[in-house]
There are 2 protein chains.
Amino acid sequence: MVTGPRPLVRQIDQRLTALIAALYPDERKRPGFGRLAQEIREKTGGTISATYLWELATGKKRNLTLEQLDVLADFFGVPPEYFFNDQVAERVDKQLQLATALRDQRIRSLAMRAEGLSPEALDSLLKMVDAARAMQDLRPMGDIPADSDGE
Amino acid sequence: MVTGPRPLVRQIDQRLTALIAALYPDERKRPGFGRLAQEIREKTGGTISATYLWELATGKKRNLTLEQLDVLADFFGVPPEYFFNDQVAERVDKQLQLATALRDQRIRSLAMRAEGLSPEALDSLLKMVDAARAMQDLRPMGDIPADSDGE
DNA sequence: AGTTTCTGTCAACTACTGCGGATGAAAAGG
DNA sequence: CCTTTTCATCCGCAGTAGTTGACAGAAACT
């Protein structure tokens with residue numbers, strides 16, 4: 001069917017890649033779609049394939065079912081609306097920024113699932129982190145060796 | 001795989017029938033799934049079939065795709081999360097009660113799309129409507145002749 | 001009465017979501 | 001160096017989301 005794409009189903013790819021980047025800030029250690037799919041399966045008990053994950057991330061498929069939406073939302077710890085509600089996405093992205101800035105595995109997953117802080121609170125927290133980083137004369141995030149993982 | 005149904009996809013049938021009942025309070029004038037599907041198609045430009053609508057309302061199918069979710073949410077004027085987020089559903093249902101109580105086509109669709117009032121505000125509005133109804137000695141809603149429709 | 005329209009329901013079909021299994025390239029590890 | 005693992009990408013298939021077209025019963029109309 002050649003139905004013009006409904007607005008809801010437009011930005012899945014961007015949202016998904018943003019989540020992946022947020023969960024694995026260090027590009028060097030970031031797993032491929034194969035390993036990622038396996039992790040999702042183990043952690044959520046749901047089923048998702050590496051191929052489909054890639055198709056979603058590259059925008060080749062975008063009209064997913066509620067079940068797959070739930071699996072993804074469950075794994076990344078975001079509300080399902082994140083994938084199509086701009087307002088929710090904006091707030092969550094703020095939290096992701098904070099989590100990335102803190103660069104600690106435990107705090108990161110906590111923050112991703114918190115969903116309780118206002119954008120203003122998150123903004124000031126981000127500013128505090130920036131200030132602390134400047135005082136300690138740290139390089140801009142990106143080339144700092146990542147932590148060794150461990151659930 | 002026999003994956004147990006994810007929690008997200010459980011109450012679609014109830015939500016859908018609730019929406020239909022809210023939009024057409026008078027059972028006598030309520031259209032069947034055939035006419036309803038046609039209305040949805042005309043109003044939203046999306047595609048949905050009468051049979052599928054029935055399958056959803058009776059719980060025979062429940063794992064719909066984002067595109068169909070968008071069509072339904074668009075037609076009924078509710079946020080897409082209504083179908084799987086209990087918190088949103090509760091708030092919207094309050095609005096639907098109010099709209100049904102007022103029994104005016106225009107106000108009804110307006111209220112369905114408002115999404116701005118708190119549950120407390122809606123509660124007091126509902127109480128006011130009840131009080132007004134009692135003072136006017138109206139019969140309990142249900143057998144009042146419905147308005148003649150018109151977009 | 002008969003006829004026409006609408007209802008819910010089902011079975012057969014189509015189309016696309018979602019997956020397994022290739023492929024070659026590039027790391028990693030020996 | 002070679003071998004093994006992991007990567008992105010593709011092709012084709014299975015299963016199911018979603019449609020079409022039928023059916024009989026119940027209204028509504030004449």
Side-chain angles (χ1 to χ4, degrees), chain A residues 1-6 8-10 12-13 16-17 20-21 24 26-42 44-75 80 83-84 146 148-149, chain B residues 1-6 8-10 12-13 16-17 20-21 24 26-42 44-75 80 83-84 149:
Chain A
M1 182 184 309
V2 202
T3 311
R6 297 240 128 205
L8 233 162
V9 213
R10 229 190 266 154
I12 306 286
D13 48 351
L16 182 56
T17 50
I20 296 176
Y24 303 94
D26 188 358
E27 271 188 82
R28 235 165 288 269
K29 293 194 59 182
R30 187 174 307 166
F33 294 107
R35 288 233 148 248
L36 181 59
Q38 185 178 345
E39 262 185 61
I40 296 181
R41 266 176 267 134
E42 290 171 359
T44 68
T47 67
I48 196 154
S49 70
T51 301
Y52 193 48
L53 222 45
W54 170 73
E55 287 172 323
L56 288 177
T58 56
K60 306 206 118 202
K61 300 267 179 79
R62 49 187 77 188
N63 189 25
L64 31 66
T65 63
L66 288 189
E67 199 153 345
Q68 304 285 3
L69 185 77
D70 192 33
V71 171
L72 291 178
D74 183 10
F75 175 74
F83 289 95
F84 53 80
S148 54
D149 72 24
Chain B
M1 179 183 303
V2 198
T3 311
R6 297 239 128 204
L8 213 116
V9 217
R10 226 188 264 156
I12 305 286
D13 48 349
L16 182 56
T17 50
I20 296 176
Y24 303 94
D26 188 357
E27 271 188 82
R28 236 164 287 268
K29 292 194 59 178
R30 184 174 308 164
F33 294 108
R35 287 237 151 245
L36 182 58
Q38 185 179 345
E39 262 185 62
I40 296 181
R41 266 177 265 135
E42 289 172 1
T44 68
T47 68
I48 196 155
S49 70
T51 302
Y52 192 48
L53 222 45
W54 169 74
E55 287 172 324
L56 289 177
T58 57
K60 306 206 114 194
K61 300 266 180 78
R62 50 186 76 189
N63 188 26
L64 30 66
T65 63
L66 287 188
E67 198 152 345
Q68 303 285 12
L69 186 76
D70 193 30
V71 171
L72 292 178
D74 183 8
F75 175 76
F83 290 96
F84 53 81
D149 70 26

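Letters go in sequence order (proteins before strands), and every chain restarts at 1.
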(request) Count the heavy atoms of every other residue, nucleotide or ligand shown that sit under 6.0 Å from CZ of Arg30(A), and state whether that count exceeds 12. (result) yes
(message) On the nucleotide dC19(C), are OP1 or OP2 found under 4.0 Å from the side-chain N or O atoms that Thr47(A) carries?
(response) yes
(message) In this structure, how many angstroms lie between the P atom of dC10(C) and the CZ atom of Phe33(B), rounded?
(response) 13 Å
(request) Would you kindly give the CD-to-P distance between Gln68(B) and dC16(C), to the nearest whole Å? (result) 12 Å
(request) Measure the distance from CG on Leu36(B) to P on dT7(C) and round it to the nearest whole Å. (result) 10 Å
(request) Round to the nearest Å and state the distance from Tyr24(B) atom OH to dC6(C) atom C1'. (result) 15 Å
(request) Please figure out whether Asn63(B) or Ala50(B) has its closest DNA chain D nucleotide nearer the 5' end. (result) Asn63(B)
(message) Can you measure Lys61(B) atom NZ to dG15(D) atom C1' for me and round it to whole angstrom units?
(response) 11 Å
(message) Taking the minimum atom-to-atom distance to the side chain of Thr51(A), which one of dC6(C), dG21(D), dC10(D) wins?
(response) dC10(D)
(message) Nearest to the Thr65(A) side chain among dA11(C), dA17(D), dT6(D), which nucleotide is it?
(response) dA17(D)
(message) Between Arg62(A) and Ile12(A) (side chain of the first, backbone of the second, donor and acceptor by atom type, cut-off under 3.5 Å), is there such a pair?
(response) no
(request) Go through dG20(C), dT7(C), dG18(D) for me and flag the one nearest to the Pro31(B) side chain. (result) dT7(C)
(message) Is there a side-chain contact between Ile48(A) and Phe75(A) in this structure, where contact means two heavy atoms from C-beta onward sitting under 4.5 Å apart?
(response) no
(message) Without decimals, in angstroms, what is the distance between Leu56(B) CG and dG8(C) C1'?
(response) 15 Å
(message) Check whether Asn63(B) reaches the backbone of Glu67(A) with its side chain - one donor and one acceptor, N or O, closer than 3.5 Å.
(response) yes
(request) Nearest whole angstrom, please: distance from the P of dG20(C) to the CG of Leu53(A). (result) 13 Å
(request) Respond yes when some side-chain nitrogen or oxygen of Trp54(A) is under 4.0 Å from OP1 or OP2 of dT9(D), and no when none is. (result) yes
(request) Provide, to the nearest angstrom, the distance between the CG atom belonging to Leu64(B) and the P atom belonging to dA15(C). (result) 21 Å
(message) Under 4.0 Å, counting only non-hydrogen atoms across every strand here, what does Ser49(B) touch: a base, just sugar-phosphate, or nothing?
(response) base
(message) Base, sugar-phosphate or nothing for Glu55(B)? Non-hydrogen atoms, less than 4.0 Å.
(response) base
(request) Look at the side chain of Tyr52(B) and decide which nucleotide, out of dA17(D), dC19(C), dT9(D), has an atom nearest to it. (result) dA17(D)
(request) Could you grab the distance from atom CG of Leu66(B) to atom CZ of Phe83(A), nearest 0.5 Å is fine? (result) 9.5 Å
(message) Please pick, from dC19(C), dG18(C), dT6(D), the nucleotide with the shortest atom-to-atom distance to any side-chain atom of Ile48(A).
(response) dC19(C)
